[in-house]
Amino acid sequence: MEKAKSGKNLLEINNLTVSYGDGKIITEVSFALKPGEIVCIAGESGCGKSTLIKAVLGIKQLGAIIEEGSIVLDGMDITRMSDEDRRQILGTQIGYVPQNTRGSFNNIRSYDVQYQETMRSHGLKFDRNEAIKCFDRLNFPDSDKLLFYQPWEMSGGMNQRMAIAQAVLLGPKLMLCDEATSVLDVTSQKEVIEELAKLRDELGWSILFITHNLGVASHIADKLGVMYAGRMVEYGNIRKVLDNPIHPYTKRLLSAIPGRDRKLPLGIEGRPPLDGAEWEGCNFVDRCIHGGEKCTEKMYKLVEVEPDHFASCMRGGQCNDNE
Ligand SMILES: Nc1ncnc2c1ncn2[C@@H]1O[C@H](COP(=O)(O)OP(=O)(O)OP(=O)(O)O)[C@@H](O)[C@H]1O
Ligand SMILES: [Mg+2]
């Protein structure tokens with residue numbers, strides 16, 4: 001689904017280093033989203049994907065502290081914005097769909113009341129007809145009745161879709177989706193993914209989409225970032241990264257996709273180091289079949305291995321064996 005737009009960036013993440021007060025959790029992560037672009041970030045559990053989202057949201061209670069680097073939204077530096085100013089942009093400029101929206105809605109109050117409250121809290125008027133038009137645009141069933149349901153009456157998939165619709169009504173330019181489809185069955189997952197792609201096409205949303213599922217990434221993304229233990233190890237055009245993975249970790253991640261041969265995927269032996277964002281050299285070295293002393297000498301930054309494709313292995317484009 002290659003629809004990358006040109007022009008200036010909507011979101012820029014520059015050399016971002018984040019902690020929760022102690023050691024670094026993510027180190028020197030940089031990438032950008034253009035208007036209308038979908039960037040997926042993949043990587044094993046604990047590699048810092050949600051921390052990245054928390055840093056962009058910047059809500060103090062989420063605990064993520066930006067130690068270094070900057071986050072720029074549409075030309076405005078939001079790295080250390082006051083809570084007051086941040087309230088003005090969350091929802092209306094930056095939308096957020098978490099993994100499980102059950103916790104974002106009150107289970108026993110109608111969507112109608114909850115949508116109204118959310119809109120009012122952002123200083124916006126709630127227009128029921130607009131909401132119904134939005135449901136129609138997203139092909140929701142029974143769109144005229146939906147607002148009067150309560151979340152407990154809905155399936156997980158439908159609740160997730162109601163959260164997306166609520167985000168649409170607030171009119172953000174940037175959408176942050178943290179595993180927004182991971183808890184859904186394949187049918188609901190497909191519906192949500194198609195809705196997000198449609199919203200990007202119709203409203204020009206830029207979407208930062210966190211997922212474990214490289215199949216989903218392959219379908220929806222323009223670009224793919226692969227994170228490992230707090231670092232971005234590969235980044236670029238989705239087709240180039242998937243067709244010609246360079247970093248040994250990306251290759252192992254791709255070989256871990258379940259096949260139809262009834263065999264368990266290979267997986268990746270070992271676990272990412274918990275303090276991997278703190279390491280001097282490559283932090284994949286212990287799990288890498290090429291890992292050697294040279295790898296631990298310094299942190300290898302992303303280098304361009306082909307146009308629109310970057311990887312951070314010291315072997316660079318040489319690492320082309322079939323692991
Ligand atoms: N509030 C917090 N305080 C301290 N450490 C935290 C906090 N939240 C996350 N961490 C730690 O930060 C690291 C990265 O966590 P994060 O949730 O960003 O990973 P993730 O890539 O989103 O993982 P998953 O795929 O399981 O959602 C983990 O080691 C985690 O234990
Ligand atoms: Mg997470």
Side-chain angles (χ1 to χ4, degrees), residues 11 13 15-31 38-69 71 79 83 86 94-104 156 160 163 174-184 189 192-193 196 207-218 220-221 223-235 241 247 249-250 252-254 256-258 265 267-268 270-279 283-284 286-287 299 312:
L11 179 72
I13 310 260
N15 274 317
L16 198 68
T17 296
V18 183
S19 78
Y20 286 101
D22 297 324
K24 296 171 191 166
I25 296 292
I26 60 179
T27 306
E28 293 183 24
V29 166
S30 298
F31 63 96
I38 301 182
V39 172
C40 280
I41 305 287
E44 274 166 290
S45 185
C47 70
K49 304 180 296 295
S50 297
T51 301
L52 182 63
I53 295 268
K54 288 183 205 171
V56 178
L57 287 171
I59 300 168
K60 289 216 170 72
Q61 290 91 315
L62 297 177
I65 300 164
I66 297 176
E67 302 288 352
E68 275 173 64
I71 303 174
T79 321
D83 288 354
R86 196 168 286 281
I94 305 179
Y96 172 55
V97 183
Q99 177 166 0
N100 192 344
T101 50
R102 282 261 179 247
S104 340
Q160 204 76 0
L174 171 68
M175 203 64 205
L176 308 176
C177 299
D178 190 357
E179 307 272 5
T181 60
S182 304
V183 293
L184 306 180
Q189 178 163 287
V192 171
I193 295 289
L196 289 171
I207 305 179
L208 181 56
F209 194 92
I210 305 292
T211 181
H212 283 287
N213 188 330
L214 288 170
V216 167
S218 165
I220 193 174
K223 292 198 173 141
L224 176 65
V226 178
M227 282 185 73
Y228 181 74
R231 295 192 185 150
M232 191 74 86
V233 297
E234 189 150 356
Y235 184 81
V241 176
H247 197 285
Y249 177 64
T250 311
R252 298 293 287 271
L253 205 58
L254 287 170
I257 295 176
I268 309 174
R271 291 245 154 227
L274 288 175
D275 59 350
E278 296 270 356
W279 287 26
N283 57 15
F284 186 60
D286 293 347
R287 302 170 85 190
M299 181 169 149
S312 72

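In listed order, ligands and their atoms are each counted from 1. Any value given below was found using the heavy atoms of this structure, including those in side chains, with hydrogens, waters and symmetry copies removed.
Although no hydrogens or angles enter the test, the distance criterion places no donor-acceptor pair under 3.5 Å between the side chain of Gln99 and the main chain of Glu179. In this structure, the side chain of Gln160 does not engage the main chain of Val192 through any donor-acceptor pair within 3.5 Å.
Of all atoms in ligand 1, numbered sequentially from 1 with element shown, those under 4.0 Å from a heavy atom of His212 are 25 (O). Taking every non-hydrogen atom of Ile25 and a distance limit under 4.0 Å, the qualifying atoms of ligand 1 come out as 12 (O), 13 (C), 14 (C). Proximity to Ser45 (heavy-atom distance under 4.0 Å) selects the following atoms of ligand 1: 23 (O), 24 (P), 25 (O), 26 (O). Near Thr51, with a cut-off below 4.0 Å to any heavy atom, the atoms of ligand 1 are 14 (C), 15 (O), 16 (P), 18 (O). Close approach to Ser50 involves these atoms of ligand 1, each under 4.0 Å from a residue heavy atom: 17 (O), 18 (O), 20 (P), 22 (O), 27 (O). Within the listing of ligand 1, atoms 8 (N) sit less than 4.0 angstrom from a heavy atom of Lys54.
Heavy atoms of Cys47 approach ligand 1 to within less than 4.0 angstrom. Residue contacts with ligand 1 leave out Met227, since none of its heavy atoms falls under 4.0 Å from the ligand. Under the 4.0 angstrom criterion for non-hydrogen atoms, Gln99 is not in contact with ligand 1. For the pair Gly48 and ligand 1, a heavy-atom separation below 4.0 Å is found.
Counted within 6.0 Å of CD1 on Ile59, heavy atoms from surrounding residues, nucleotides or ligands total more than 12; the atom is thus considered enclosed. Counting heavy atoms of neighbouring residues, nucleotides and ligands inside a 6.0 Å radius, atom CD of Glu67 exceeds 12 of them.
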Take Ile41 and Thr211, measure what side chain to side chain contact (heavy atoms under 4.5 Å, CB included) needs, and give me the verdict at the end.
-> CA-CA 6 Å; Ile41 305 287; Thr211 181; over 6 Å; no
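By the 4.5 Å heavy-atom criterion applied to side chains, Leu11 and Ile71 are counted as neighbours. Between Phe209 and Leu176 there is no side-chain heavy-atom pair separated by less than 4.5 Å. Put simply, the side chain of Val97 does not reach to within 4.5 Å of the side chain of Asp178, judged on heavy atoms. With contacts defined as side-chain heavy-atom distances shorter than 4.5 Å, the pair Tyr249/Leu254 does not qualify. No side-chain heavy atom of Pro272 sits under 4.5 Å from any side-chain heavy atom of Asn283.
Scanning the protein heavy atoms around atom 28 (C) of ligand 1, the nearest turns out to be Gly46 O, 4.0 Å. Considering only non-hydrogen protein atoms, atom 10 (N) of ligand 1 sits nearest to Tyr20 CE1, 3.4 Å.
With a cut-off of 2.8 Å, the protein N/O/S atoms near the Mg ion (ligand 2) add up to 1.
Under the 4.0 angstrom criterion, atom 25 (O) of ligand 1 counts as having a protein heavy-atom contact. Protein heavy atoms are found inside the 4.0 Å sphere centred on atom 14 (C) of ligand 1.
Arg287 and Tyr228 share a donor-acceptor pair across their side chains, judged by distance under 3.5 Å alone. Between the side chains of Ser30 and Tyr235, no donor-acceptor pair is found at a separation under 3.5 Å.
Of the options Met232, Arg231, Lys49, Met227, a side chain to side chain contact (heavy atoms under 4.5 Å, CB included) to Ile26 is made by Met227 and by none of the others.
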